[in-house]
Amino acid sequence: MALVCLCNGVSERKVVRAIDHGASTIEEIGRHCRAGITCHGCHDTLQALLDEHCRPVVASRRAALAC
């Protein structure tokens, strides 16, 4: 289990689970599992996980993110 947020002891698995449950911003991830709310040092990693796990989809002729 790799820790993503050392300040709050949040693993990558918990962050991905938050994304799977609808978190699509760093702030929403923080609300789900507390990652990224203390020192913000993990924001680059959180953004990379968002980029990896949120896929672009076309809905009603405009691009949206499906997380």
Side-chain angles (χ1 to χ4, degrees):
M1 170 176 78
L3 286 181
V4 173
C5 176
L6 297 177
C7 295
N8 293 305
V10 181
S11 68
E12 181 176 344
R13 183 182 312 158
K14 286 184 182 180
V15 172
V16 171
R17 190 177 309 138
I19 295 169
D20 288 344
H21 284 101
S24 60
T25 66
I26 292 171
E27 291 78 18
E28 289 174 355
I29 290 172
R31 285 194 289 274
H32 276 269
C33 63
R34 302 189 49 79
I37 64 170
T38 304
C39 81
H40 304 212
C42 59
H43 280 204
D44 289 342
T45 303
L46 296 176
Q47 188 60 55
L49 289 169
L50 281 168
D51 294 344
E52 180 180 339
H53 292 279
C54 290
R55 308 265 191 278
V57 295
V58 176
S60 303
R61 295 188 195 168
R62 68 174 215 213
L65 288 180
C67 296

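For this chain, numbers begin at 1 and follow the sequence in order.
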Quiz prompt | Partner set under side-chain contact (heavy atoms from CB on, under 4.5 Å) for His43, not counting sequence neighbours | solution = Ile26, His40, Leu46

Self-check item: Sub-4.5 Å side-chain heavy-atom contact between Thr45 and Val15
Solution: no

Exercise. Grab the two heavy atoms, one from His21 and one from His32, that are nearest each other, plus how far apart they are.
Key: O-CE1, 4.0 Å

Practice problem: Would you name the heavy atoms of Thr38 and Cys7 that are closest together and state the gap between them? | Solution: CB-CB, 3.8 Å

Exercise. Could you tell me whether the side chain of Gln47 reaches within less than 4.5 Å of the side chain of Leu50, counting heavy atoms only?
Key: yes

Exercise. Calculate, to the nearest 0.5 Å, the distance between atoms SG and CD1 belonging to Cys42 and Ile29 respectively.
Key: 9.0 Å

Quiz item: Any side-chain heavy atom of Ile19 sitting closer than 4.5 Å to one from Cys54?
Solution: yes

